[in-house]
Amino acid sequence: GIQVEQSPPDLILQEGANSTLRCNFSDSVNNLQWFHQNPWGQLINLFYIPSGTKQNGRLSATTVATERYSLLYISSSQTTDSGVYFCAVLNYGQNFVFGPGTRLSVLP
Amino acid sequence: DSGVTQTPKHLITATGQRVTLRCSPRSGDLSVYWYQQSLDQGLQFLIQYYNGEERAKGNILERFSAQQFPDLHSELNLSSLELGDSALYFCASSATGWPPLHFGNGTRLTVT
């Protein structure tokens, strides 16, 4: 099955800093989502982005499916951005597979 | 609010017992997915239903079973519970059986 890697595993930022999270996958995919799991455990859908670029406020994401990676950009980070960021990918005939996540801590 | 409702939010039970977790998908969504998140295993796909039929199966133990009812809500039954079954269990739904998925807030199961 598809292997999903995320980097970095852990990230500590000062409030106001920018960051880039990366998701690499081992095979071609037709679907990709980014999620944020907040400190209360809720999984929040950030982007559905099988290809191209999308932006939502301070967050944006880019997926280059042909090169098997996706990037999540967080600008002007806030303490409420803390939590774990997961990417999840799906190829037809396979299950929706989650990466191990990037744990982000934003310090005030 | 994703529109996916899971009950109960918390569940504490003893080893050997049986529990049922319930999920109501977003209005109009036909597909339901179950995931298990434990500390050392990450988010593991258990099973997916589409319009009442099982569509895909992941790493679901034989002690676990699930079903999707005609009104599209789903239940995950966990039996002969072990300490290692303690985890956060998520339900997600999608309209078509393909992403995007929308997750509920999870049920936190503690087996003592």
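Taking hydrophobic clusters as Ile, Leu, Val, Met, Phe, Trp and Tyr residues chained together by side-chain heavy-atom distances below 4.5 Å, B:L61 shares a cluster with B:W34. A chain of hydrophobic side-chain contacts below 4.5 Å, direct or via other Ile, Leu, Val, Met, Phe, Trp or Tyr residues, connects B:V19 to B:F64. Cluster membership for A:W34 and A:V89, using ILVMFWY side-chain heavy atoms within less than 4.5 angstrom, is shared. A:L21 and A:Y69 are not part of a single hydrophobic cluster, where members link through side-chain heavy atoms under 4.5 Å apart. Following chains of ILVMFWY side-chain contacts shorter than 4.5 Å, one can reach B:L46 starting from B:L109, so the two form part of one hydrophobic cluster.
One finds the CG atom of A:L43 at 12.0 Å from the SG atom of B:C91 (value rounded to the nearest 0.5 Å).
Listed by chain and number, the residues in a salt bridge (Lys or Arg N to Asp or Glu O under 4.0 Å) with B:E54 amount to none (sequence neighbours excluded).
Looking at A:F47, neither its backbone nor its side chain comes within 4.5 Å of chain B, counting heavy atoms on both sides. Only the side chain of B:L88 comes within contact range of chain A, with heavy atoms under 4.5 Å apart.
A pairwise comparison of heavy atoms in B:L101 and A:N45 identifies O-ND2, 4.0 Å as the closest pair. Closest of all the heavy-atom pairs between B:P100 and A:Q33 is CA-OE1, 3.3 Å. When all heavy atoms of A:G41 and B:F90 are compared, the closest pair comes out as O-CZ, 3.2 Å.
Ring centers of B:F45 and A:F96: at least 6.0 Å apart, outside the cut-off.
Between A:F86 and B:Q37, some side-chain heavy-atom pair lies under the 4.5 Å cut-off.
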